[in-house]
Structures are given as structure tokens and as C-alpha cells.
Amino acid sequence: QVQLVESGGGSVQSGGSLRLSCAASGYPSYSTKCMGWFRQAPGKEREGVATIGPWLNTRYADFLKGRFTISRDNGKNTLYLLMNSLEPEDTAIYYCATSLGIPYHFTSCPSHPAEFEPDYWGQGTQVTVSS
């Protein structure tokens with residue numbers, strides 16, 4: 001059974017940092033798939049934050065201004081999002097997501113996180129940034 005479990009969320013003051021993790025299980029080849037992070041703030045639509053492809057190529061939303069870094073450890077089937085210089089506007093539920101499809105077939109990420117249409121989502125982790 002495919003499972004994505006996020007962790008690392010919490011409350012932090014403006015300017016602080018957090019690292020989110022997403023542990024993936026139940027599928028034989030996450031390393032060949034596009035994975036990414038989305039977020040949904042209260043009263044807003046969910047938006048793409050960052051993606052990372054099987055060749056470790058990364059894409060970021062323009063609004064991040066270089067503050068976040070996405071990475072993956074294929075040996076551990078774990079996706080990460082390091083968030084620095086957090087702002088109150090970053091307050092949201094953060095979701096991990098992945099493409100699936102045929103195992104061991106490589107799936108590239110689209111050119112922008114907003115274009116990523118994942119096949120599976122995690123349950124989300126809350127990030128709250130106070131001023």
C-alpha cells in the first residue's frame with residue numbers, strides 16, 4: 001500500500017527554519033519518479049512549492065526567492081524540504097506528493113511545480129510562522 005508520511009512541521013518565529021520530511025513506502029521505485037511539496041494556506045488554493053526529479057533536478061515556485069531547498073534520499077525513500085527565512089505568509093499545511101505509474105519507469109518533473117499533477121498525496125503537516 002502506497003504511503004507518504006510527512007513530519008517536521010511545527011511553530012516557529014519569523015526568520016526561523018524548519019526541515020520537513022516525507023517517508024515513502026509501499027511502492028518499489030520512488031527513486032524513478034517525480035516527487036514534490038505543495039502547500040495550502042487558510043482560505044487559499046493548494047499551490048506547488050518545489051519538485052525534484054529522478055536525476056535530482058529541482059524546480060521551485062517563484063515566490064520562494066531561494067529560501068527553500070528540496071532534496072531526496074533514495075536509499076531511505078525520503079523526501080525533504082529545508083525551509084529557511086520563514087515568513088508568516090509561509091503558514092500553511094505542507095503536503096508531500098509523488099507520481100506513480102509503471103514501476104521502474106522514469107518520470108520527469110514538469111518545468112514548474114504548479115504544473116505537477118501527482119498521483120498520490122500525503123496527509124500533510126502544519127507549519128505556522130509567527131511574526
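Nothing fancy with the numbering, it's 1 onward along the sequence. In this text, all values refer to a predicted model and were calculated from it rather than measured experimentally.
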Novice: Supply the atom-to-atom distance Q3 CD to C22 SG, rounded to the nearest 0.5 angstrom.
Specialist: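 Nearest 0.5 Å value for the CD-SG distance: 10.0 Å.
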Novice: Let me check something: do L79 and V5 share a hydrophobic cluster, defined by ILVMFWY side-chain heavy atoms less than 4.5 Å apart, either directly or through other members?
Specialist: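 The answer is no; the residues belong to distinct hydrophobic clusters.
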Novice: Could you walk me through whether S17 and N84 pass side-chain hydrogen bond (donor to acceptor under 3.5 Å, both in side chains), step by step?
Specialist: CA-CA 4 Å; S17 299; N84 294 322; 2.8 Å; yes
Novice: So, does E6 use its side chain to make a donor-acceptor pair with the main chain of C96 at under 3.5 Å?
Specialist: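 Yes; at least one donor-acceptor contact below 3.5 Å.
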Novice: Enter the distance from Q126:CD to Q40:CD here, rounded to the nearest 0.5 Å.
Specialist: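 Going from the CD atom of Q126 to the CD atom of Q40 covers 11.0 Å.
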Novice: Is it the case that the side chain of W37 and the backbone of Y80 share a donor-acceptor pair, with hydrogens and angles ignored and the cut-off at 3.5 Å?
Specialist: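 Confirmed, W37 side chain pairs with Y80 backbone.
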Novice: Look up atom NZ in K76 and atom OG in S21, then write down how far apart they are to the nearest 0.5 Å.
Specialist: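 Going from the NZ atom of K76 to the OG atom of S21 covers 9.5 Å.
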Novice: Can you name the closest pair of heavy atoms from F116 and G36 and give their distance?
Specialist: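 For F116 versus G36, the nearest heavy atoms are CE2-N, 3.8 Å.
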Novice: Should the pair D119-K33 be classified as a salt bridge under the 4.0 Å nitrogen-to-oxygen rule?
Specialist: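 No.
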Novice: Rounded to the nearest 0.5 Å, what's the gap from OG1 on T107 to OH on Y30? Could you check?
Specialist: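 It comes to 13.0 Å.
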Novice: Closer than 3.5 angstrom, by distance alone: can the side chain of Y120 be matched with the main-chain N or O of V2 as a donor-acceptor pair?
Specialist: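 Confirmed, Y120 side chain pairs with V2 backbone.
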Novice: Can you tell me how far the OG atom of S85 sits from the NZ atom of K65, to the nearest 0.5 Å?
Specialist: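 Going from OG on S85 over to NZ on K65, the span is 11.0 Å.
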Novice: Just by distance, do the side chain of S99 and the backbone of P118 share a donor-acceptor pair under 3.5 Å?
Specialist: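 Side chain of S99 to backbone of P118, a donor-acceptor pair under 3.5 Å: no, none is there.
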Novice: Determine whether a donor-acceptor pair (N or O, by modelled atom type, separation under 3.5 Å) exists between the side chain of N74 and the backbone of N77.
Specialist: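 No.
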Novice: Same cluster or not: L86 versus L64, using hydrophobic residues (I, L, V, M, F, W, Y) connected whenever any side-chain heavy atoms lie under 4.5 Å apart?
Specialist: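 Shared cluster, yes.
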Novice: Do M83 and Y95 share a hydrophobic cluster, counting only Ile, Leu, Val, Met, Phe, Trp and Tyr and linking them when any side-chain heavy atoms are less than 4.5 Å apart?
Specialist: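 M83 and Y95: separate clusters.
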Novice: I would like to know whether T69 and Y60 meet side chain to side chain contact (heavy atoms under 4.5 Å, CB included); could you show each step before the answer?
Specialist: CA-CA 8 Å; T69 302; Y60 295 94; 3.8 Å; yes
Novice: Mind checking whether L100 and Y27 have side chains closer than 4.5 Å, heavy atoms only?
Specialist: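 Side-chain contact under 4.5 Å: yes.
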Novice: Less than 4.5 Å apart, any side-chain heavy atom of S11 and any of S130?
Specialist: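 No, too far: nothing below the 4.5 Å cut-off.
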Novice: Look only at the side chain of S29 and the backbone of Y104, and say whether a donor-acceptor pair between them is shorter than 3.5 Å.
Specialist: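 A pair under 3.5 Å: yes.
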Novice: Got a list of side-chain donor-acceptor pairs under 3.5 Å for residues 42-59, not counting sequence neighbours?
Specialist:
unit_1, atom_1, unit_2, atom_2, d
E47, OE2, R39, NE, 2.8
E47, OE2, R39, NH2, 3.3
R59, NE, S111, O, 3.4

Novice: Do V127 and F63 belong to the same hydrophobic cluster, where Ile, Leu, Val, Met, Phe, Trp and Tyr are linked whenever their side-chain heavy atoms lie under 4.5 Å apart, directly or via other members?
Specialist: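 Yes, because V127 and F63 connect within a single hydrophobic cluster, where side-chain heavy atoms sit under 4.5 Å apart.
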Novice: Kindly work out whether a path of hydrophobic side-chain contacts (I/L/V/M/F/W/Y, heavy atoms less than 4.5 Å apart) joins V12 to L81.
Specialist: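 Per the 4.5 Å side-chain linkage, V12 and L81 are co-clustered.
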Novice: Residues in ring pair (Phe, Tyr, Trp, His ring centres under 6.0 Å) with F68, at least two apart?
Specialist: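 None.
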Novice: With a 4.5 Å limit on heavy-atom distance, are the side chains of Q123 and L4 in contact?
Specialist: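 SC-SC contact between Q123 and L4 ruled out.
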